[in-house]
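Reviewing the structure listed below.
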Amino acid sequence: MAASKPDVGPFSVRSWALGEMGYMPSKGSKDHHTVSSIELIAILGFAFEIAWMCLSFFWIFCDYPAGVPIDVSDMSQLLVFAGMAVGYLVLHILGKRPSFNSFSPIAIAVCFLCSVFQPLCALAMSNGIHAPLIVVCAVNFLAGLGAAHLILNWLDISSRLGDVSYSSFTGFSFLGGSILFFFAATAPANLQPMFAGIYVIATIALLIFSTRRAEGNDECAPLEAVGSPWEFTKEIEPSFFVFSMVFALNFVFLFNNGREYVLFGLLSMIPGALVVALLGVFKKHFSVTVMQRCLLAVTVLGCVMLPFTSGVLQLVFACLVSAAWAAFMSANYAFIVMKSVIVRDVPMFRQGAARLAVPAFGFALGWAISSVMTMFFGPHDYAFSVLHLIMTVLLVLVVMVFYPVGSHHPAGGGGAEKKTDAPTVSIQMDESELFDRRCEAVAKLYQLSPRETDILVFLAKGRNAAWIQEQLVISPHTVKSHIYNIYRKLDIHSQQKLMSFVEEFPIDL
C-alpha cells in the first residue's frame, strides 16, 4: 500500500522547481498556515515598505511640483522606476563580491538616505517651499535605488525565517501596504509626506530587528557565501518583462487622470494580494502556468475594454489591471524567495537582484513609452487607446511563444529526450529539473522532512556524509541521523541503491 500523502503544502522544498506555487508549512499546521510572531513583524515591516512606495511613487507627487504639465510630471516619475531597475542591477553586481553585505550598517544607512530624501522634498513643497524639477527628479531616482534595496532585503529576510508561508507573506504584505496607504491618503495633504517619512523609518527599523532574528537560521547560507546562483528559464523573463510594461501603461493612465483614479487604482491591490495570500494560508496548489494564464486573462480584459469605455466603467477596468498587478508582484516575490530557499548555497540578496531587475526594467520601459505618448499626443488622446491594444496583443503573443502549455511543446522538448505517450507538461524540463522532480516525488511518497529532502538530493547525487555536513553547516551526528531516517523510510541500505532508486523512480509527465 502506498504511503499517504505527507502534509507538505504547495511551497514544499522543491515545489517551485516543478512549477508549483504555495508555501512551506509551519510546524504543526494541517489545514492552514499559522503565522508566527517574527513572521508577523516581517509582514508588517514589508507592508510599511509597500505603503511608502505607493505614497511616494504614485500619490504624493501626482500633483507636484505645482503647475508642472502632466507630461513633465510623468517624466519625473519615470526616474523612480529607472532608479529601481538600476538599483537591482547594482545590487546584482555588488552581490558577487564576498565582502558585500546587503545588511551591513553602511548599506542600511545609504538605503535610508536614498529613501528619506523624497518624503523630505514632498514635505518642503507641501509647506510652500519651491523645489526645482531637477531636485524632484534626483530624489525620485534615489528613492528608486532605496526601494530596490529594501525589497531585496525583505525578501531575503523572509527566506531566512524558516517555516514561513511565502505566498501569504508577500500577499499579506501587499494587503497591509494598501491599507496603510489608505490611512495616509485620507489624511490632510500637508501630513501625507510625514506619513511617507514615518513609513520608511518604520520599515528600516523593523528590517534591522528582523535581521537579527533571521541571521541565526542555519537553513540558509551565510551572508558572505558566494557561489553559482540559480537561473530562470527563458519561459519566465520575456513574459514578466512585457507584463510589467502593460502594468506601467495602466498606472500612467491612472496617474494622468488625477488623484481619484490613483487612489482607487492602488486600493484595488487589495483583492489581488488577498487572493495570493489566502492560497498560501489554505495550502492551495496552483501551477505557475495556470496563474500566468489567469493573470493574462484579467489583464487582457482590462486593457481591451479601457479604450472602449469611459467614466466609472473605465476606472473599473483600470482597477482590474491594478489588482492583477498586485497578484503578479506578490506571486513573483514569493517565487523568488522559494527559489532561493531551494538553492541554499547562495543568500537570497546575492541571487534575487538579477531576477527582480527583469520586471523592474519592463515597468520603467512601459512608463517611458507612456510618458512619450503623453508628451506628443496628450494624456487622453486616441493614440493611448491604440497603445493599449498594441501592448495587449504583444503580451498575448509573448506568453504564447515563451510560456507554452498543453501540446504547444512536447514534454522534455528543451532538455532530455523522453519517448512517451504521457500528456505534455506546461514547463519544459531538462535533466536537472527531472532529477528534482523525482526527488520531490520520493520525498512526498515517503514523507521525508524538508531537511531529509535536502540530504536525499545530495545522496542521490553521490555526495558523502562529510560533504553534506560541510555544505549544510550541521553536525556529523545530525547528518548521520537524517541519513539513517532516509534509508529507514525508503527501506534502502546503501547509497548506490538509493541513487538507482531515485534515477528510476516513475513520475507523471
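All values derive from a computational prediction rather than experimental measurement.
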- Query: Under 4.5 Å between any side-chain heavy atoms of Glu452 and Lys489, yes or no?
  - Reply: yes

- Item | Residues which pass side-chain contact (heavy atoms from CB on, under 4.5 Å) with Met84, listed by chain and number, not counting sequence neighbours | Met53, Phe57, Tyr88, Ala147, Ile151

- Message: Within this structure, what is the CD1-OG1 distance for the pair Ile468 and Thr478, rounded to the nearest 0.5 Å?
- Response: 12.5 Å

- Nearest atoms (heavy-atom pairs only) where Gly95 meets Arg350: O-NH1, 2.8 Å

- Minimum heavy-atom separation for Thr203 to Glu49, with atom names? OG1-CB, 3.4 Å

- Query: Which pairs, with at least one residue in residues 496-506 and sequence neighbours excluded, count as a salt bridge (charged side-chain N to carboxylate O under 4.0 Å, His left out)?
  - Reply: none

- Under a 4.5 Å cut-off applied to non-hydrogen side-chain atoms, are Ile208 and Phe103 in contact? no

- Message: Between Phe251 and Trp367, is the ring centroid distance below 6.0 Å?
- Response: no

- Query: With a 4.5 Å limit on heavy-atom distance, are the side chains of Ile336 and Gln351 in contact?
  - Reply: no

- Considering all heavy atoms of both residues, which atom of Ile38 and which atom of Phe209 are nearest to each other, and what is their separation? CD1-CE2, 4.1 Å

- Taking all non-hydrogen atoms of both residues, which atom of Gly171 and which atom of Ser330 are closest, and how far apart? CA-OG, 4.0 Å

- Atom OH of Tyr199 and atom CG of Leu55: how far apart are they, to the nearest 0.5 Å? 6.5 Å

- Verify, without hydrogens or angle tests, whether Ser500 (side chain) and Gln496 (backbone) share a donor-acceptor contact under 3.5 angstrom. yes

- OG of Ser173 to CH2 of Trp154, rounded to nearest 0.5 Å, is 8.5 Å

- Message: Quick one about Ser102 and Asp156 (side-chain donor to acceptor, distance below 3.5 Å, no hydrogens or angles considered), yes or no?
- Response: no

- Any side-chain heavy atom of Glu39 within less than 4.5 Å of one from Phe169? yes

- Message: With side chain to side chain contact (heavy atoms under 4.5 Å, CB included) as the criterion, how do Thr170 and Met329 come out once you've worked through the C-alpha distance, each side chain's angles and the decisive distance to 0.1 Å?
- Response: CA-CA 8 Å; Thr170 57; Met329 294 303 296; over 6 Å; no

- Test log, rule side chain to side chain contact (heavy atoms under 4.5 Å, CB included), inputs Val276 and Phe174: CA-CA 10 Å; Val276 176; Phe174 269 84; over 6 Å; no

- For Phe243, which residues count as a ring-ring contact (aromatic ring centres under 6.0 Å, His included) partner, sequence neighbours excluded? Phe247, Phe328

- Evaluate the ring planes of Phe81 and Phe58, with Trp represented by its six-membered ring, and classify them as parallel (under 30°), tilted (30 to 60°) or perpendicular (over 60°). tilted

- Query: Quick one: does Ile50's side chain get under 4.5 Å of Cys54's, heavy atoms only?
  - Reply: yes

- dist Trp325:CH2 -> Ser244:OG (nearest 0.5 Å) comes out at 9.5 Å

- Message: How close do Ile157 and Ala42 get, counting heavy atoms only, and between which atoms?
- Response: CG2-CB, 4.4 Å

- Message: Run the side chain to side chain contact (heavy atoms under 4.5 Å, CB included) test on Asn140 and Gln118 for me, step by step, so that the C-alpha distance in whole Å, both residues' side-chain angles and the decisive distance to 0.1 Å come before the verdict.
- Response: CA-CA 6 Å; Asn140 281 349; Gln118 194 190 51; 2.6 Å; yes

- Atom OG1 of Thr299 and atom CG of Leu320: how far apart are they, to the nearest 0.5 Å? 7.5 Å

- Message: Using side-chain heavy atoms (C-beta onward) and a distance below 4.5 Å, is Ile108 in contact with Leu207?
- Response: yes

- Hey, can you tell me if Tyr333 and Phe46 have their rings parallel, tilted or perpendicular (30° and 60° cut-offs)? tilted

- Where Pro347 and Arg160 come nearest, the two heavy atoms and their spacing: CB-NH2, 3.4 Å

- Given side chains that start at C-beta, do those of Leu142 and Leu145 come closer than 4.5 Å, heavy atoms only? yes

- Kindly determine whether Leu175 and Met269 satisfy side chain to side chain contact (heavy atoms under 4.5 Å, CB included), including the steps that lead there. CA-CA 7 Å; Leu175 177 62; Met269 291 166 47; over 6 Å; no

- What's the spacing between Glu237 CD and Arg355 CZ if we round to 0.5 Å? 5.5 Å

- Is there side-chain contact between Leu91 and Leu356, with at least one heavy-atom pair below 4.5 Å? no

